[in-house]
Structures are given as C-alpha cells and as structure tokens.
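See structure below.
Values below: every heavy atom of this structure, side chains too, minus hydrogens, waters and symmetry copies.
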Amino acid sequence: MTTLVIIALVVIVGGYFISTQRSLVNLDELCKNALSQIEVQLNSRFDVVVALAKTAAQYAKHESETIIQAVQARGGNLGNGNLPATPESINRQSDLLTQMMGRLNVVFERYPELKASDLYKEAQQGEKEYEEHVRMSRMIYNDTATKMNRMVRQWPSSIVASMLHFDVKEYLKVDSEEKKQYPNLDEAFKK
C-alpha cells in the first residue's frame, strides 16, 4: 500500500513537472515570437523613414542624408546580426525612430509644398500603420510576459522555473516622447 502511494505521488509530481515545463517553454517561445514580430515591424518602419528622408532630399539634402546615414548605421536589424532582439534593444530602436521622425517632421514643416506631396502622404500613412502594428505587437509581448512572469514567480511553478532556469521577462516600456503626447489623466480627474 505504501509503495502505491509513493508511486502515485511520483507520478503526480512528475506529471506536474512536465506540464509546468511545457507551459514555461510555450510562454518563453511566445515571448520570443512577439519580440521577433516587433523587430520585423520596426525594420519596416525604418524603411518608411528612409523613404520619407529620400522624399525630403529634394528640398533639404543635408538633413535627409543625415537621417539616412543614421538608419544605415543601425546595422540592418535590431538584433545586431545573430543576437536575438531584447526588450532593451527594441526600446532603443523605438527611441531612435522617434528621434528620426521628429527630425524629419521639422524638415517637412519648413517645406509645406513637400508636406502636400502625394509621396509624403503615402509614406506618412505607411509609417502610421507600422506604428500601430508595433503598438499591438508590444501589447501582445507584454501580455505574454505577464503570464510568463506569473508562472516564474508563483508557487509551486516557481520551483520548476527555478530548476529549469526560466527567468522573469522584462517588459517593453512606452517611449518617453510618446508619453508626453498623452493627456495627463491625473490632472483631468482632479478637476
């Protein structure tokens, strides 16, 4: 009888261990996939920025060349070759994109006839679409990271996570420039 109880406990613990390991691997892969999707979208946004800079080159050669060189200097992708994209690298690339778009917008403000061109309007619309895709991908990543972090931190799955070296995932942050554009809700509710 004691042997049956021990065997039953071993089967239950083993089944829990395997089930938890599979869940952790699944969530880890979903996090990697979400980061990869963000990387693809950011690379597409960089292509749009280059197209906008080339459009601006007709009017402001120096500014647009500087922006194109900055895009080319980033190395072609977020992961720097064989390295995987990380939340930190994605946040850095998003900040760089925001800075470049800010510089381009200054150029476009100086040349209203350029801002009125169809090519500019199309590129601007494409940039907004990619920006929305990145925003949605960020939300998916952060939601998946939350699920992963719960499993890594909550008992008893934290024991399995610790044994298998699964760590808490870092969240993607909102760009500080984007935060400035949002209304201050605390101020609005004080009124």
Side-chain angles (χ1 to χ4, degrees), residues 1-46 48 74-101 127-191:
M1 184 69 144
T2 309
T3 308
L4 288 175
V5 171
I6 292 173
I7 291 173
L9 284 175
V10 168
V11 168
I12 290 171
V13 169
Y16 177 78
F17 186 89
I18 291 169
S19 173
T20 302
Q21 184 271 349
R22 291 174 137 262
S23 295
L24 288 166
V25 168
N26 182 41
L27 288 171
D28 189 50
E29 288 301 316
L30 287 172
C31 285
K32 288 176 185 175
N33 184 351
L35 285 176
S36 177
Q37 294 299 324
I38 295 168
E39 181 178 14
V40 167
Q41 295 300 328
L42 285 175
N43 283 331
S44 296
R45 280 183 70 197
F46 272 109
V48 170
R74 71 180 174 78
N77 66 29
L78 299 175
N80 294 327
N82 296 327
L83 298 175
T86 63
E88 181 180 311
S89 70
I90 286 177
N91 285 331
R92 255 193 329 269
Q93 293 299 322
S94 291
D95 289 344
L96 178 61
L97 263 170
T98 300
Q99 291 171 6
M100 286 190 285
M101 283 305 297
E127 200 277 331
K128 286 179 183 177
E129 288 174 16
Y130 285 121
E131 189 175 321
E132 180 64 19
H133 292 304
V134 169
R135 188 182 70 77
M136 293 302 295
S137 296
R138 284 172 164 269
M139 288 172 47
I140 290 168
Y141 171 81
N142 281 343
D143 288 346
T144 306
T146 297
K147 292 173 186 171
M148 176 76 171
N149 291 345
R150 282 184 189 140
M151 284 201 73
V152 168
R153 294 178 57 215
Q154 288 178 342
W155 191 85
S157 60
S158 62
I159 296 168
V160 177
S162 175
M163 290 172 61
L164 298 175
H165 306 287
F166 284 98
D167 296 318
V168 170
K169 297 289 183 185
E170 182 181 337
Y171 291 104
L172 294 172
K173 307 287 188 264
V174 174
D175 180 12
S176 58
E177 290 299 314
E178 286 181 35
K179 277 185 184 177
K180 291 178 186 176
Q181 295 174 5
Y182 300 142
N184 186 341
L185 294 179
D186 292 334
E187 293 298 319
F189 286 114
K190 286 182 184 177
K191 294 180 180 178

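- Shown here for M151 and L27, the closest heavy-atom pair between the two residues is SD-CD1, 3.7 Å.
- Of the possible polar contacts, one joining the R138 side chain to the K173 backbone as a donor-acceptor pair under 3.5 Å is found.
- For E170, there are no salt bridge (charged side-chain N to carboxylate O under 4.0 Å, His left out) partners at least two apart in sequence or on another chain.
- Side-chain contact check for I90 versus V134: every heavy-atom pair is 4.5 Å or farther apart.
- In plain terms, the two heavy atoms of V152 and A161 that are nearest each other are CA-CB, 3.9 Å.
- A donor-acceptor distance shorter than 3.5 angstrom exists from the side chain of Y16 to the backbone of S157, with no hydrogens or angles considered.
- Using a 4.0 Å cut-off between charged nitrogen and carboxylate oxygen, K32 and D28 count as a salt-bridge pair.
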Report the C-alpha distance between K128 and E132 in whole Å, list the side-chain angles of each, state the deciding distance to 0.1 Å, and finish with yes or no for salt bridge (Lys or Arg N to Asp or Glu O under 4.0 Å).
-> CA-CA 6 Å; K128 286 179 183 177; E132 180 64 19; over 6 Å; no
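- Without hydrogens or angle criteria, S89 side chain to T86 main chain gives a donor-acceptor distance under 3.5 Å.
- Put simply, the side chain of S137 gets close to the backbone of H133: a donor and an acceptor are under 3.5 Å apart.
- Separation of atoms CG (L42) and CG (L35) is listed at 10.5 Å; rounding is to 0.5 Å.
- Smallest separation of non-hydrogen atoms from Y171 and Y141: CA-CE2, 4.3 Å.
- In this structure, the separation between CG on D143 and CG on L30 is 11.5 Å, given to the nearest 0.5 Å.
- No side-chain N or O of N33 forms a donor-acceptor pair with one of E29 less than 3.5 Å apart.
- Other residues, nucleotides and ligands contribute at most 12 non-hydrogen atoms within 6.0 Å of the OH atom of Y130.
- One finds the CG atom of N26 at 10.5 Å from the CD atom of Q21 (value rounded to the nearest 0.5 Å).
- Atom CD1 of I140 and atom CD of Q37 lie 8.0 Å apart (nearest 0.5 Å).
- Electrostatic pairing of R135 and E131 does not count as a salt bridge here, judged by no charged N lying under 4.0 Å from a carboxylate O.
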Hey, mind stepping through I12 and F17 against side chain to side chain contact (heavy atoms under 4.5 Å, CB included) and telling me if it holds?
-> CA-CA 9 Å; I12 290 171; F17 186 89; over 6 Å; no
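- C31 has its side chain within reach of K169: a pair of non-hydrogen atoms, C-beta onward, lies under 4.5 Å apart.
- Taking OG of S36 as the reference point, atom CD of Q41 lies at 10.0 Å (rounded to 0.5 Å).
- Of the possible donor and acceptor atoms, none in the side chain of N149 sits under 3.5 Å from a partner among the backbone N and O of V168.
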